[in-house]
Amino acid sequence: MRVATWNVNSIRQREGHVRRWLETHKPDLLFLQELKCETPAFPAGGFEALGYRCEMVGQKAYNGVAVLARLPFAVTHRALPGLGPEDAAPARYIEGVAEGITFIGLYLPNGNSGGEAGFATKLRWMEALHARAAALLADDVPLVIAGDFNVCPTDEDFAPGALPPTDALVRPESRARFRSLLWLGLTDAVRALHPTGPVYTFWDYQAGAWPRDMGLRIDHVLMSPTLAERLTEAVPDRRERGEEKASDHVPVVVGF
DNA sequence: ATGTCGGCCTTTGGCCGA
């Protein structure tokens with residue numbers, strides 16, 4: 001099975017990129033983030049023509065997540081369980097089952113806007129995710145969590161100088177909660193196969209981040225033990241960042 | 001050098017979020 005996650009930074013701007021990428025890589029599932037459109041504006045037809053069914057959670061202007069699936073995918077949740085109404089309203093979460101595996105596609109709050117209140121929202125979100133993952137693992141469900149976590153887990157996960165130490169993506173509170181997810185028994189797929197060195201998934205549009213390779217690793221795929229031990233491939237598709245009108249994130253692909 | 005995007009409204013440029 002091959003599964004990918006990709007923050008596309010507007011699906012209407014990136015429909016052609018996604019179509020081309022699907023035709024080349026033919027993943028079984030592709031999780032998308034930052035759709036930036038409401039459900040009726042989602043260009044489903046272009047993906048259905050390639051054999052992919054679309055399930056999306058949209059909202060105007062910001063956020064938005066989807067899964068494109070060429071095998072049956074039964075959606076079970078369109079918001080992260082355990083969040084209060086205000087935290088759950090933004091379109092950041094989709095969960096469902098395919099081939100007996102539970103998949104979570106997520107777009108975690110960045111945490112840099114809205115001051116300390118905005119950062120606290122990010123931490124609450126991560127704590128609810130921890131509770132959700134713990135509940136699923138307690139039932140011995142094979143689990144994959146894929147998406148834009150907006151966390152650089154370690155200092156190896158961003159280019160020196162790419163972020164100040166005060167950034168919400170590297171603050172110790174964010175990293176501690178990411179580690180707590182791993183401590184549940186989940187495997188960070190890319191790091192399992194590429195244990196050291198930079199494996200970036202994002203390069204800012206600003207400041208020549210791409211030509212200078214000033215990247216971050218913030219898009220992750222976490223897998224439960226029985227899936228992780230079958231892992232054959234886990235890599236960001238760097239090439240995609242060099243395309244015309246690219247998203248600032250690239251797809252991360254896992255095979256198992 | 002916070003140097004670019006995308007979307008929205010305040011609408012043909014300024015704002016927010018990233």
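Given the structure is predicted, the values throughout are model-derived calculations rather than measurements. Within every chain, numbering begins at 1; the chains are lettered A, B, ... in the order of the sequence lines, protein sequences first and strands thereafter.
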Whole-Å distance between [N] [atom2] and [X] [atom1]?
X	N	atom1	atom2	answer
A:Tyr205	B:dG6	OH	P	5 Å
A:Leu163	B:dT2	CG	C1'	13 Å
A:Asp219	B:dA18	CG	P	14 Å
A:Asn112	B:dT2	CG	P	15 Å
A:Asn7	B:dG6	CG	P	12 Å
A:Phe42	B:dG7	CZ	P	14 Å
A:Leu35	B:dC5	CG	P	21 Å
A:Gln33	B:dC5	CD	C1'	18 Å

Would you measure the distance from the [atom1] atom in [N] across to the matching atom in [M] and give it in whole Å?
N	M	atom1	result
B:dT10	B:dT4	P	27 Å
B:dC15	B:dG3	P	15 Å
B:dA1	B:dG6	C1'	23 Å
B:dT2	B:dG7	P	26 Å

Query raised in the report: Does the pair A:Arg70/A:Glu99 count as a salt bridge with the N-to-O cut at 4.0 Å?
Result: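 Looking at A:Arg70 and A:Glu99, the cut-off is not met.
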**Report entry** Check: A:Ile218 main-chain N/O paired with A:Thr201 side-chain donor or acceptor under 3.5 Å
**Finding:** yes
**Report entry** First encountered from the 5' end of DNA chain B, between A:Ala61 and A:Arg212
**Finding:**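 Its nucleotide being nearer the 5' end, the pick is A:Arg212.
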Query - Earlier contact from the 5' end, DNA chain B, for A:Phe202 and A:Gly208 - result: A:Gly208
Report task. Using only side-chain N and O atoms of A:Lys36, determine if any of them is under 4.0 Å from OP1 or OP2 of B:dC8. Result ->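 Negative; the distance criterion is not met.
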Query raised in the report: Would one find a side-chain N or O of A:Ser113 under 4.0 angstrom from OP1 or OP2 of B:dA18?
Result: yes
Query raised in the report: Which of these nucleotides, B:dC8, B:dA18, B:dG6, is closest to any side-chain atom of A:Tyr107?
Result: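 Nearest to the side-chain atoms of A:Tyr107, counting from C-beta on, is B:dA18.
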Query raised in the report: From the list B:dA18, B:dC16, B:dG3, which nucleotide is the closest neighbour of the side chain of A:Tyr62?
Result: B:dC16
Query raised in the report: Stepwise, does the side chain to side chain donor-acceptor pair (under 3.5 Å) test hold for A:Glu95 with A:Thr102?
Result: CA-CA 7 Å; A:Glu95 180 184 320; A:Thr102 296; 5.4 Å; no
Report summary line: Applied to residues 39-55 of chain A, the side chain to side chain donor-acceptor pair (under 3.5 Å) test, sequence neighbours excluded, yields A:Glu55-A:Arg78
Requested in this report: I would like to know whether A:Trp21 and A:Leu30 meet side chain to side chain contact (heavy atoms under 4.5 Å, CB included); could you show each step before the answer?
Outcome: CA-CA 10 Å; A:Trp21 196 86; A:Leu30 173 59; 4.2 Å; yes
Requested in this report: Have a look at A:Gln206 and say if it touches a base, only the backbone sugar-phosphate, or nothing, with a 4.0 Å heavy-atom cut-off.
Outcome: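 Base contact - A:Gln206 has a heavy atom under 4.0 Å of at least one base atom.
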